[in-house]
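All values below were derived from every heavy atom in this structure, side-chain atoms included, with hydrogens, water molecules and symmetry-related copies excluded.
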Amino acid sequence: MLAVGPNPAGAATTVRLTLVEVSDVTVTVYDLLGRGVATPMQGTFTAGEHRASLDTSGLAPGVYVVRARANTAGGAVVQTARLTVTR
């Protein structure tokens with residue numbers, strides 16, 4: 001499960017990801033034009049909850065999509081969450 005909070009975010013937010021098994025994970029933040037603007041989480045993670053801080057101070061105010069892709073033994077799992085950045 002992927003969650004982002006606080007949302008809307010001012011200067012920073014936390015990305016939370018819960019995994020059911022060991023997975024190769026990439027979490028990427030995209031603007032609405034589909035450009036990757038940040039990668040707060042990347043690597044191999046164990047089962048359980050993982051958190052990463054995301055500095056949003058360099059992002060323009062607006063709506064972003066946070067996409068988590070976990071490559072597991074059973075295949076790829078992709079989840080998305082919406083993030084709103086305010087000032």
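Pairing each heavy atom of A52 with each of M41, the nearest pair is CB-CE, 3.6 Å. Taking all atoms of both residues into account, the shortest heavy-atom contact from P6 to T13 is O-OG1, 2.9 Å. G36 and T28 make their closest contact through CA-CG2, 4.2 Å (heavy atoms, listed as atom of the first residue, atom of the second, distance). Across A70 and S23, no two heavy atoms sit closer than the pair CB-CB, 4.0 Å.
Inter-residue side-chain proximity for H50 and L19 is flagged as met; some heavy-atom pair is nearer than 4.5 Å. Residues V66 and V27 form a side-chain contact, since some pair of their non-hydrogen atoms from C-beta on lies under 4.5 Å apart. Within the 4.5 Å cutoff, no side-chain heavy atoms of T86 are placed close to those of P61. Between T14 and R16 there is a side-chain heavy-atom pair separated by less than 4.5 Å. Inter-residue side-chain proximity for Y64 and L59 is flagged as met; some heavy-atom pair is nearer than 4.5 Å. Put simply, the side chain of V25 does not reach to within 4.5 Å of the side chain of T44, judged on heavy atoms.
Note that OG1 of T80 and CZ of R67 are 9.0 Å apart. Values are rounded to the nearest 0.5 Å. Note that the CG atom of L83 and the OG1 atom of T56 stand 7.0 Å from one another [nearest 0.5 Å].
One hydrophobic cluster, built from ILVMFWY side chains closer than 4.5 Å, cannot hold both V77 and V15; they sit in different ones.
In this structure, the side-chain hydrogen bond (donor to acceptor under 3.5 Å, both in side chains) partners of R69, at least two apart in sequence or on a different chain, are N71. Not a single side-chain hydrogen bond (donor to acceptor under 3.5 Å, both in side chains) links T46 to another residue, sequence neighbours left out. In this view, D55 and S57 satisfy the side-chain hydrogen bond (donor to acceptor under 3.5 Å, both in side chains) rule, not counting sequence neighbours.
N7 places a side-chain N or O within 3.5 Å of a backbone atom of R82 that can act as its donor or acceptor partner. Looking at Q79, its side chain does come within 3.5 Å of a backbone N or O of L2 through a donor-acceptor pair.
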- [ ] Please step through side chain to side chain contact (heavy atoms under 4.5 Å, CB included) for the pair Y30 and V37, ending with a clear verdict.
- [x] CA-CA 6 Å; Y30 294 94; V37 296; over 6 Å; no
